[in-house]
Amino acid sequence: MPETNGAGKFLAAVRNALGAEAVNVTPETRHRYGENTMPAGDRIVSGVVYPGSTAEVETVIRLANEYRVPLWPISTGYNQGGGTRSPVKDGWVTVDCGRRMNAIIDIDDVLGWAEVEPGVTYQMLHDELVRRGSKLMLDTTSGPPGGGVLGNTLEKGAGYTPYFDHFAMSCGMEVVLGNGDVIRTGDGGLPGAKLWHVSKYSYGPYLDGLFVQSNFGIVTRLGFWLMPRPPAMRTFHFSFPDDDDLAEIVELVRPLKMSNLVPTLFRLTNDIYLYGAEETNPEYAATGGKAGISDAARRALQKKHGVGAWVASAALYGAGDDGLKPVVERIRQHFARSRKARYISHEEALGMVPLKIAIDAFAGIPTTHELGMLKWRPGGGFSWFVPGVPMRGDLARHYHALGRAIYAKHGLDYCVMNIAGARFARGLHMLFFNRENPEETARADRCYRELALEFSKAGYSVGRAPIDYHDLHMGELDPVIRKTASSIKSVLDPNGIIAPGKYGIA
Ligand code: ADP
C-alpha cells in the first residue's frame, strides 16, 4: 500500500519527535482506521499517530504544516453511521487523540462539571461517577458506551436527560489550531481562570462554536456539565397504532415541551427503530433485499413486541415517586385526548426490551442494545440521515410521508426516531443495507442522496452528516456559508492540514 501524499517523511518526523510508540503504519492499522459502514467504502489512511498531550498535538500539527500532510483527528472513533473512525478521504493521517489522552482531568462535585480529554468515553465517566459515589449523573447518548464525551459534543450530539444538548452543556475548550496556536476558549483565556468551566459566555466573541462540525483545530480538553442525580425518575410511554398518528403525537407533545412540564426530549420512535434492535428483517431472504418490509410483517412484529407504529417516551425527575405520579397522571390525561394512545407505564416498559433502552437513556446509563439494529439487514451497511422538522403536526405528516416514500422507492426499511423538543424534532433516519451486495449498496446511496435533495428542496436541512455526504449538504446551502467558513479556515489553518473538505470546508 503506497502512501498517497508524501506522508512517509511526516510520519518519520513524528516518530523522531514523539517516539516509536506514537506512530503506527502497519497495513492492518491503516486499513482498520479507514473502516466504516458507508456506501462509498472503506478508506485507507497513510498512518496513525497517537499524541499523549496537548504539547504533542502541537508537535504533530507543526510537522503536518511542515510536510503539508492532511490530518484526521478522532477521539474515540465511534461515529457509527457517520463514518465510524474513517477519514473523508484516502491517504490522510489519523490523529487518534483518545488512545493516550483519556484522562478525566477533574470533576467538580459542587458545581457539577467534569474536564475531560478526548478519549474519555461515556462508560468511563459514568463508571467514575459511580465509583466515587457521586451525586452527579452524566447525560449519555443511546449509542455505543465507547463513544466519547468530547467527540460527541463536537458533532453536536444529544442525549435524553434534561442535559440532553451536549454542546449547550459544554463549557470551555482547549484547542490546538491548525496554525499551531493553542487557545483556551471563554474564561480559559485568563491566567488562573476560575470560571473556565462554569461561565459559557465570557468576554469577546463566542469562539467555542467554531470548533463543532468544523476543521479549524484539534480539541484537547473540554468542560462538560453534569446533572445532580435525582432521587426518583419515572418514564412514561404512549403507543399509537398508525403511521399517520405522528401528526397527532407532535401536537400532543409540543405544549408539554413548550411549558417545560416535561424536562426531557421526547423519543418518538417508529416500530422498526423499536424492535429492530432485537429482530432481523423477516422478509429479507424472500425479497432479496429489493423491497422494504411489508405492512403485514410490520404488524406481526408490532404485535409480538407490544408496540404500535409509533411510541412516544419521555421522563420526569424528582424527589420521590409520590411526587411524580400525579404529574404522570396529568400527562396521561393530556394524551387521552387522542383515543388512539395506549399508555405504557414505567413498570410495564421495564419488561419491554425496546423501551428498556429508552429508560436507560433517560437515566443516563450507557447501553449497547441499540447496536443490535445493525443486524436488521445482513452485510453491516449503515448510514443515517438527520434532518429536522418544526413541531407542527401538519409539517411532521408531510415530512414523514416524504421520507417513507423515498425509502420505499429504493426498497429500504423506513426506520426513524424523532428527538422532539418544543419547537423542532431531529429525525434520525437509519439506513440499513447489505454492504456486501453492490446493487443494494448503490441503492442505499441513491436513497440518501434523494432524501438529502428532496428534504432540502422542501426546506428541511440536516444537523449532521456522514462522511460520504459532507460536500453534498454544504452544496445545498447558500454559497456564502461555505465562503465564510473557508475564510475562517484560511486564517486558523492556512495550510489546510486539518481534514480539508470536512463538512464541505476547505
Ligand atoms: P466519538 O469520540 O464520539 O466516537 P469520533 O472520534 O468518532 O467521536 O469523532 C467524531 C467527529 O469529531 C469526527 O468528525 C472527528 O473528526 C471529530 N473529532 C473527534 N475528536 C476531535 C478532536 N479532538 N478535535 C477535533 N475534531 C475531533
Side-chain angles (χ1 to χ4, degrees), residues 32-38 43 45 48-54 56-58 60-61 64 70-89 92-103 115-125 138-159 166-167 170 173-178 182-183 185 208-222 224 366 371 384 386 463-470 473 489 492-493 497-505:
R32 188 158 42 83
Y33 275 79
E35 278 173 357
N36 61 66
T37 60
M38 308 302 302
R43 280 57 157 179
V45 306
V48 183
V49 300
Y50 305 98
S53 64
T54 302
E56 293 197 1
V57 173
E58 285 180 73
V60 169
I61 287 197
L71 302 176
W72 176 251
I74 61 166
S75 284
T76 62
Y78 272 99
N79 193 8
Q80 248 88 351
T84 322
R85 64 180 79 75
S86 166
V88 179
K89 295 197 181 115
W92 293 0
V93 171
T94 300
V95 184
D96 183 344
C97 300
R99 166 79 71 88
R100 293 172 62 213
M101 298 172 74
N102 55 22
E115 182 183 321
V116 298
E117 289 191 323
V120 174
T121 67
Y122 285 103
Q123 191 72 55
M124 281 165 69
L125 191 49
L138 169 68
D139 188 274
T140 172
T141 71
S142 54
V149 174
L150 187 149
N152 185 269
T153 301
L154 295 185
E155 282 286 299
K156 301 183 194 158
H166 290 171
F167 179 61
S170 73
M173 294 177 182
E174 178 185 79
V175 190
V176 185
L177 302 177
V182 181
I183 180 172
T185 60
D208 301 55
L210 287 175
F211 304 106
V212 297
Q213 295 195 354
S214 70
N215 53 5
F216 305 141
I218 295 185
V219 181
T220 46
R221 286 189 189 194
L222 179 79
F224 194 74
L371 294 175
W384 36 239
V386 287
R464 192 169 169 179
I467 52 171
D468 288 11
Y469 308 107
H470 284 183
H473 289 294
K489 174 92 174 153
L492 301 187
D493 182 16
I497 53 131
I498 299 176
K502 183 188 174 196
Y503 275 104
I505 310 165

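Reckoned from all heavy atoms, side chains included, excluding hydrogens, waters and symmetry mates. Ligands are counted one by one from 1 in listed order, and the atoms in each one are counted from 1 as well.
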Tell me the protein heavy atom at minimum distance from [atom], and give that distance in Å.
atom	result
atom 1 (P) of ligand 1	Thr76 OG1, 3.1 Å
atom 5 (P) of ligand 1	Gly77 N, 3.6 Å
atom 8 (O) of ligand 1	Gly151 CA, 3.7 Å
atom 17 (C) of ligand 1	Lys502 NZ, 3.6 Å
atom 27 (C) of ligand 1	Leu154 CD1, 3.6 Å
atom 24 (N) of ligand 1	Val219 N, 2.9 Å
atom 15 (C) of ligand 1	Pro73 O, 3.1 Å

I need the [X] [atom1] to [Y] [atom2] distance, nearest 0.5 Å.
X	Y	atom1	atom2	value
Leu150	Leu125	CG	CG	12.0 Å
Arg85	Glu35	CZ	CD	7.0 Å
Thr54	Arg221	OG1	CZ	5.5 Å

Record the part of Phe211 in heavy-atom contact with ligand 1 below 4.0 Å; permitted values are side chain, backbone, both and neither.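 Answer for Phe211: neither.
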Need the ligand 1 atom indices (1-based, order shown) with element for anything under 4.0 Å from a heavy-atom of [X].
X	result
Gly217	25 (C)
Trp72	14 (O), 16 (O)
Leu150	23 (N)
Asn79	4 (O), 7 (O)
Gly148	1 (P), 2 (O), 3 (O), 4 (O)
Ile74	6 (O), 19 (C), 20 (N)

Heavy-atom closest contact ([X] atom, [Y] atom, distance):
X	Y	answer
Asn36	Ile467	ND2-CD1, 4.1 Å
Phe224	His166	CE1-O, 3.7 Å
Pro466	Met38	CB-CE, 3.1 Å
Thr76	Gly119	CG2-O, 3.9 Å

Assign the ring pair Phe216 / Phe211 to parallel, tilted or perpendicular, where the plane angle (0 to 90°) is split at 30° and 60°.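 Because their plane-to-plane angle is over 60°, the rings of Phe216 and Phe211 count as perpendicular.
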Please work out which of the three classes, parallel, tilted or perpendicular, describes the rings of Tyr503 and His470, given edges at 30° and 60°.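 It falls in the parallel class, under 30°.
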Nearest heavy atom to atom 11 (C) of ligand 1, choosing from Glu155, Glu174, Lys156, belongs to Glu155
Check each of Ala465, Pro87, Ser75, Pro51 against atom 6 (O) of ligand 1 and report the one with the nearest heavy atom. Ser75
So with a 6.0 Å cut-off around OH of Tyr78, is the heavy-atom count from everything else above 12?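 Incorrect, the count does not exceed 12.
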